[in-house]
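Note that ligands are numbered from 1 as they come in the structure, with each ligand's atoms numbered from 1 the same way. Source: prediction; values computed, not measured.
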Amino acid sequence: MKLNTRVSPDIDSLSRAALEQVLADMQEAVKLRGRFAIALSGGHTPSKMYALWAQNEKYRTETPWDRVHLFWGDERYVPADDPLSNYRMTRETLISHVPIPAANVHPAPTNLPTPQAAATAYDADLHQFFGSAPPAFDVTLLGVGPEGHTASLFPGSPALEEKKKWVEAVTAQAAPPNRLTFTLPVLNQSRNTYFLAAGAEKKEILDAIRAESDPAHSQYPAARIQPVDGRVLWFLDEAASR
Ligand code: 6PG
């Protein structure tokens, strides 16, 4: 499959390029629909982008925070203050530095008796926000793991076959194993999907994804991100793209 890429020299310029794209989408969404819903990703790559959003005065002050709604495309099933929590990473880099109303921050719950109960609760949060129609996020940020996972959809996971539920509890082949993830029916509705991948260690999986001839059935979950009516862009640094 052909990847639609934007290549930047390094992770700092990649973060800036991706953020500028996100902010342009935000302005358009707010103008057209009065709000901007973004599904954030975890992992280490996007943290620079979140920090830039919070620290750069122009980006921070041009953002209509009362119109911005933050969700997470996946979450590790750990307490919200755990170092592995994607919510915690976003809180430390972005949320605690900007005037976003608390009601606009929609973390995946990780304090319920079971991950399954939490998946059901997050699914209900999404339905409350989007109604019964498929949830069209304005932007979904994703990363890719060395074996092709994206969000917390790992190769071979039964969650890849889910057609109805919007959120699934999964057991990942990665630490921590218990996670919540959006399913393909949600991920493939997004208006704009931006993968962020930096570093030479991403090169091999990107080459493997490029070599896939039937992306919708690929063994690599990241290749299965084929939004019905949206675009996918891969923000790469030179080391990942070379
Ligand atoms: C997570 C993720 C995950 C991530 C990739 C890439 O919570 O682990 O959302 O899908 O995006 O593993 O992670 P890096 O950016 O750390 O390489």
If you look only at distance, which donor and acceptor atoms sit under 3.5 Å apart when one is on a side chain in residues 174-184 and the other is two or more places apart or in another chain?
from, atom 1, to, atom 2, distance (Å)
Arg179, NE, Pro176, O, 2.9
Arg179, NH1, Ser152, OG, 3.1
Arg179, NH2, Ala175, O, 3.1
Thr181, OG1, Ser152, N, 3.1
Thr183, OG1, Lys165, O, 2.7
Thr183, OG1, Trp166, O, 3.3

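- Salt bridge absent: Arg191 and Asp229 never bring a charged side-chain N and a carboxylate O closer than 4.0 Å.
- In this structure, the ring of Phe235 has its center no less than 6.0 angstrom from the ring center of Phe195.
- In summary, Arg210 and Glu204 do not engage in a salt bridge, as defined by a charged side-chain N under 4.0 Å from a carboxylate O.
- With respect to the salt-bridge test (charged N to carboxylate O, under 4.0 angstrom), the residues Lys203 and Asp207 qualify.
- For Phe129 and His106, the ring centers sit closer than 6.0 Å to each other.
- Around ligand 1 you find Gly42, Gly43, His44, Thr45, Asp74, Arg76, Asn86, Gly143, Val144, His149, Thr150, Ala151, Arg179, Lys202, each with a heavy-atom distance below 4.0 Å.
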